[in-house]
**Q** 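This is the structure I have questions about; it appears just below.
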Amino acid sequence: MSDFSDTIAAVATGMNQGGIGIIRVSGNQAIPVVDAVFFPKHKGKEVRNLKTYTAAYGTIQNEEKIILDEVIVLVMKAPSSYTKEDVVEIDCHGGIQVMRQILLLLYRKGARPAEPGEFTKRAFLNGRMDLSQAESVMDLISARSEMAASAALSQLKGNLRDKVEELRGKLIRHTALIESALDDPEHYSLEGFPEELDASLEEIEKEMIHLLDTAGDGRRLREGIRTAILGKPNAGKSSVLNVLAGRNRAIVTEIAGTTRDTLEEWISVSGIPLNVIDTAGIRHTEDVVEKIGVDKSLEEMEQADLVLYIVDSSLPVDENDLRIMEALQQKQVVILFNKTDLACGVEQREILSRLDKPFIEVSAKEQSGFDEFYELLKNMFFHGKISYNDEAVVSNIRQQQALQEALASVRMVRKSIADGMPEDFYSIDLMTAYEKLGLIIGEAVEEDLVDTIFREFCMGK
Ligand code: GDP
């Protein structure tokens, strides 16, 4: 248990108008603080008398006995609560003034405003969840596609923690054996041990590499597949975008991009998050390529994970198309051969198939051919997965770095083995790998870093 003496309170549902608002209070004074302001409809239902996980109906009244709202309170006693502390939730009417007044009253009674992410930080510090799970809470809240949500949820279940613990378990057992043998050579023999250790480390290395491979998935899930839509005027760029955004629309928002002229559009396509960049060029009907020149548009394409190149199948493929597609050799390109509802040229098909890039026949007008495109996306970017329910995914750079460092240490041990170094050399690097893996789940993580991580959270979480 933590030694927090202070009790925190915040609106958990967002400080905006809504049907109801939930104010969450956590800490060892949570029950007396709410008890002082809550007046139950039925005697005996005072907060102090409520059993854990039970609710009561009544009013919140200020010092002058003026009723601020009719509410329901819910008590969750330590340690079976989100923070492992006593938690009281107040279900009030979701008006900004109502919530503000109740909060101010709670502050006067001894609670203090919670910092962003402080509830989850307490959950982490009190051992309710490890750091990778805590990070997934925010990923879940901010997930903008079904896939991103499923990956976050799988982390919240502890999939990454379990994998990390498993690897650490192996490393510590090897270290323990070496240490015992060095201390007590009569009873423990290291005969044949280096070979055995090497074989085990080879497996561990493979698992770490596999886990590192998921880091790209993690980034794309959080940030979306950065997608650029390119093609000549009238090829059907905006029509394709409309099909992607429209039919499968989950969330479509516009946010200002990094440069003045670019816009980014978030689309959830069949559960896959796409972050379409440079839609400014798509919106204005004039062609991006002609407007800013081939070189400049290629430069912009550098930022993209995926380039969708739209070709009008009813017109001949020309030099400009070919130049751009040539220049995009290094990129992940999908050619969408659009307008296949019109008569399309055999010749174009031939030219495109020579480019060694997947091309899919679609018709934005008839909305046909897109299922094949979605399948292709899953294969290109998410190893064909539909969801991440039982997968351990490395979801951010912090976790990725720790894992990379752990991998480097494992490789050092294997090098020492190959070089025929004495056994006591192994344990130092084994322990480093163990510690670096520990950073992922938040073991021995510096306080500053913990603060930085939770500061990114939203209020009331
Ligand atoms: P952009 O300039 O590349 O953004 O092209 P638009 O999306 O504005 O489309 C140009 C024209 O082609 C419009 O008149 C669309 O209605 C038409 N168009 C787009 N996609 C298709 C398609 O699949 N079939 C047909 N027949 N017309 C299409």
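In each ligand, atom 1 is the first atom listed, and ligand 1 is the first ligand listed. Just so we're clear, the structure is a prediction, and the values are computed from it rather than from any experiment. What's counted below: heavy atoms across the whole structure, side chains too, no hydrogens, waters or symmetry copies.
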**Q** Is G236 close to ligand 1, meaning an N/O of one under 3.5 Å from an N/O of the other?
**A** yes
**Q** If you draw the axis of the six-membered ring of F119, does the NZ or CZ of R24 fall within 45° of it and under 6.0 Å from the ring centre?
**A** yes
**Q** For the residue pair F373 and F370, does the interplanar ring angle fall in the parallel (under 30°), tilted (30 to 60°) or perpendicular (over 60°) class?
**A** perpendicular
**Q** Looking only at non-hydrogen atoms, which of K237, Q367, E366, K339 approaches atom 3 (O) of ligand 1 most closely?
**A** K237
**Q** State whether the shortest distance between N or O atoms of V362 and N or O atoms of ligand 1 falls below 3.5 angstrom.
**A** no
**Q** Please say which of R219, R226, R220 ends up in a salt bridge (Lys or Arg N to Asp or Glu O under 4.0 Å) with D305.
**A** R219
**Q** Test your reading of the structure: does S363 have an N or O sitting under 3.5 Å from an N or O of ligand 1?
**A** yes
**Q** Mind checking side chain to side chain contact (heavy atoms under 4.5 Å, CB included) for D91 and listing every partner two or more places apart, or none if nothing turns up?
**A** I20, I22, I72
**Q** Is it the side chain (CB and beyond), the backbone, both or neither of N234 that lies under 4.0 Å from ligand 1, heavy atoms counted?
**A** both
**Q** Given the ring of Y82, does K461 sit roughly above its face, with NZ or CZ under 6.0 Å from the centre of the six-membered ring and within 45° of the axis?
**A** yes
**Q** Should you measure from each heavy atom of A364, which atoms of ligand 1 turn up under 4.0 Å away?
**A** 20 (N), 22 (C), 23 (O)
**Q** Provide the number and element of each atom of ligand 1 under 4.0 Å from a heavy atom of S239.
**A** 6 (P), 7 (O), 9 (O), 15 (C), 19 (C), 20 (N)
**Q** Under 4.0 Å from a heavy atom of L342: which atoms of ligand 1 are those, numbered in the order shown and with their elements?
**A** 26 (N)
**Q** In terms of side-chain heavy atoms, does E361 have a donor or acceptor partner in T340 at a distance below 3.5 Å?
**A** no
